[in-house]
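Here's the structure we're looking at; comments come further down.
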Amino acid sequence: MADQKRLFLLDAFALIFRGYYAFIKNPRINSKGLDTSAILGFTNSLLDVIKRERPDHLAVCFDRGGSVDRVEAFPAYKANRQETPEAIKLAIPYIETILKAMHIPIIVKNGYEADDIIGTLAKMAEKEGYKTFMVTPDKDFAQLVSENIFMYRPKFGGGYETWGIPEIQEKFGVERPEQVIDFLGMMGDASDNIPGLPGVGEKTAKKFLAQYGSMENLLANTHELKGKMKEKVEASKELGILSKQLATIMLDVPVEFHEENFELSQPDLDAVKEIFTELEFRRLHDNLIKTFSPSEANSAKAETKTTSKTTKKAAPVGQFDLFAVPGSGNVDEEVTVSGYETIKTTDHFYQLANTPMSRKMLLQKMLKQQSVCFDTETTGLKALEVELVGVAFSWEKGKGYYVAFPEDQAETKEILEEFRPFFESMTIEKVGQNLKYDIKVLSNYNMPVKGLLFDTMIAHYLINPDMRHNMDILSETYLNYQPVSIVELIGKKGKNQLSMRQVPLEQQTEYAVEDADITYQLKEHFIKELESGQLTKLFTDVEIPLVSVLSAMEIEGINLDPNFLNELSVDLTTDVDRLEKAIFEQAGEEFNLASPKQLGLVLFDNLKLVDKPKKTKTGQYSTAEDVLSYLAKDHQIIRDILEWRQYNKLKSTYVDALPNEINPKTHRIHTVYAQAVAATGRLSSNNPNLQNIPIRTERGRQVRKAFIPRDENYVLLAADYSQIELRIIAALSKEDTMMQAFKDGVDIHTSTASKVFNVPVEEVTREQRSNAKTVNFGIIYGVSAFGLSNQTDLSRSEAKELIDTYYETYPKLRAYMASQVDFARDHGYVETVLGRRRYLKDINSRNAIVRGAAERNAVNAPIQGSAADIIKLAMINIYNRFEKENFKSKMLLQVHDELVFDAHKDELETIKSIIKEEMENAFIMDVPLDVEIGVGQNWLEAH
DNA sequence: GGCCTATCGTA
DNA sequence: GTACGATAGGCCA
């Protein structure tokens, strides 16, 4: 069997798409701003197949021009495919170049899909005595499987599986693979727009196949069906036949199979190197060299592979004599070849320090270091509620120590105390990934963390704010090392998940020290990257000090009055029930009001309130607020629905949810600020989100009354920047008229209205001011006439005129916006007043929509981000002064342009002036900053 | 239980 | 038009 010649046919587009989407949450962007995800994904698959299988014959098949025959038969065929992403279009020429350099044949035929080409070639090769492996994730290919033709499917999470006849029988519930065509024809395929039989999904299709064996036989025996199903299928016989045709892979493509053309040969390594260098695929290049260099033949991996299988030696074939493996194509038992180093492939010295003596020696060593990475292991995710299970330390690549703690919390405290000299040391730098978490955990044991900090998560956030910053991803990206996954250790989330405490100590040690080890290595890497991006100052002077400030704010929490919310809840329930009843009466039926799907059907199918209802992107009727608002004036039911929506939202998201967030120990609410999430530099708040507490509507605003001072000795103080973003754009653009308005302290929207509508300030109408206000805000987001007319009563042309007049009034503002876009085009990024960068990879996209979005980002990011920079500075300065003066008053919350404090009554006047001074002077520009301070018995009163 | 979509709360 | 997070429904396994 192993002697049989083997042909591998790759379905290029399917693999490219798969590769692209594998990186979708963390796209690979090279230094030129090119999204290389698709290229990397595909090339990885290609090398992976070669490395695992050592095929002697291989080709890559592309689509070109789509399927002429299928579109003729059914114009909608594949019509609802989304447009190919830009990055994929750009990827194709690179992939073709790579394939050419590797001397791998590319098969294309105008007017045929890759499916058809692969199918035809597979059948031809079968006649020539080949075993053919169709490399594709696309299940349509199952119909081609035979004794000599297999599907070779990439699995999620790595590895491949081979589907032969038995697998097809099992997965599709068919006797013969050809029946897969009937199966697909019956159930249809949304992605290819094969309609299928209405009402028939996977389950029913399997049932029909078992019973009737084919589409034709089913359609000939529809009299045996019953009820709705009978009607539907009988009405769709033609559709059934058509669907089957569409699903059929053609086997008569005019291609020829000359085996010598498909032989895999040695690549042109120089040419490959050139293209890989251009793309910045360093690791892939190493991988390629390994893959094609016979001297590596006896590597450990190859040995594991062969010894784990029956030892029947394969006859040497093709280029890869030295590492020939048995050619069954069955890969289930093979070790995973991810391309990453792991704990198994790397020398390491991770030691458990579990005795008083070993801990003492560990401490002695640590105290001699300048910089040490530490990482706490705990019983859960909520830092303020968990118990400490262990702490790992590392300060040298590949080495580290783990201190484990017992369940007894008093003992834990004692052991932790031994390390106080380390945590309190002002001279040893503490390195960590998301140090805020560790600081909070240690605070449960009254153990402060002092001295310089280096947080790798935050470092990377500054280096590339659009990426995600999990340690696992960072490690794979920067160290080519895949850490032990937490899932391996404690299992998947949910039912059987273990606590870290239940993991054997040896494994805890390996896992925890590895994390510390990796984090320490990442630091070395990121120091350089911060420096080259001129981000070191922002990191050291702003983000790192902020870690401690946020930790303190989160630990402090805020007082909540749950009884007040309970009363609110009762009132809301009354109104929700009343409205629900009224709505059902008007609709003439009961349904789930909270389901937009059901609501849409009731309003637009049954009641037919509109001729041509707006649809969402998934094809459902849209019932969003702006859609319903149009109808509100004509229909009582719509007004009731909007009111119901509002109350229901308030109740479920705030009134009923917030009391559950009260910490049982502190009786306060402790939000968690995410310092490395928002791409612009803002913070975000979660668990619970305290940055979106209602204020706009009367009813919603009541929720703020539940946020109250610590006790009767305190009041709540709120300090707001007034128009900070407009002030920033005025200062950055040096638009004199706008700057002057701010210097004069006049109402900016009235001032704008007076200028664009050319009327004296005192004659500006409410409507004019309101429209001017909308444009002022719109400018910050990158207005369009369309957006503006949607937000105001203005028509599209009136909106356009208003925008034009606005730009004439403030010409420098327009010039500034254009200059930001130009800067982004030239440099690939824009930056804030403190040099925080945001990379805009789509700024030169040929797709106008994509490019437009990037251009709006180029304008908005520096403004939103500079405002974020400034309030961060203010927070640090206020915190430091509060610490120095030892105030009882505490900073509690940040809401983008607002800070909220528990203000001790004795300190009220003092801190008012400190807060105002620090906020207004946090960053000096040509426009003054203005801060309004309010004080009250709750958050609403403080405004 | 996990993941996606639609909706809506804030600056 | 920018930036977020939480909820419920609905569908998957």
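Counting 5' to 3', DNA chain C first comes under 4.0 angstrom of a heavy atom of chain A and last does so at the ends given by dG1(C) to dC11(C).
Of the N and O atoms on the side chains of Thr697(A) and Gln646(A), at least one donor lies less than 3.5 Å from an acceptor on the other residue.
In this structure, the side-chain hydrogen bond (donor to acceptor under 3.5 Å, both in side chains) partners of Glu554(A), at least two apart in sequence or on a different chain, are Lys436(A), Lys440(A). Residues satisfying the ring-ring contact (aromatic ring centres under 6.0 Å, His included) criterion with Phe564(A), sequence neighbours excluded, are absent altogether. Residues satisfying the ring-ring contact (aromatic ring centres under 6.0 Å, His included) criterion with His749(A), sequence neighbours excluded, are Phe777(A). In this structure Phe923(A) satisfies the ring-ring contact (aromatic ring centres under 6.0 Å, His included) test with no other residue, sequence neighbours excluded. Tyr781(A) meets the ring-ring contact (aromatic ring centres under 6.0 Å, His included) test with no other residue; sequence neighbours excluded.
Contact annotation for Val677(A): backbone-only contact, meaning every heavy-atom pair under 4.0 Å involves sugar-phosphate atoms and none involves a base. At a threshold of 4.0 angstrom between heavy atoms, the contacts of Ala679(A) are confined to the sugar-phosphate backbone, with no base atom among them. Asn687(A) comes within 4.0 angstrom of the backbone, heavy atoms only, and of no base. Contacts of Ser784(A) with the nucleic acid, taken as non-hydrogen atoms under 4.0 Å apart, include base atoms. Counting non-hydrogen atoms under 4.0 angstrom, Asn592(A) reaches the backbone sugars and phosphates but no base. Within the 4.0 angstrom heavy-atom criterion, no nucleotide atom of any strand lies near Arg701(A). Within 4.0 Å (heavy atoms only), Ala868(A) reaches no atom of the nucleic acid at all.
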Sequence neighbours left out, cut at 3.5 Å: what donor-acceptor pairs do the side chains of residues 623-631 of chain A make with other protein atoms?
unit_1: Thr623(A); atom_1: OG1; unit_2: Arg645(A); atom_2: NH2; d: 2.7
unit_1: Ser629(A); atom_1: OG; unit_2: Glu625(A); atom_2: O; d: 2.8

Identify all side-chain donor-acceptor contacts of residues 813-823 of chain A below 3.5 Å with residues at least two apart in sequence or on another chain.
unit_1: Ser819(A); atom_1: OG; unit_2: Tyr816(A); atom_2: O; d: 2.6
unit_1: Asp822(A); atom_1: OD1; unit_2: Arg825(A); atom_2: NH1; d: 3.3

Expected string for nucleotides 5-11 of chain B under the B/S/- scheme (protein heavy atoms, under 4.0 Å, primed atoms plus P, OP1, OP2 as sugar-phosphate) is SSBBBBB

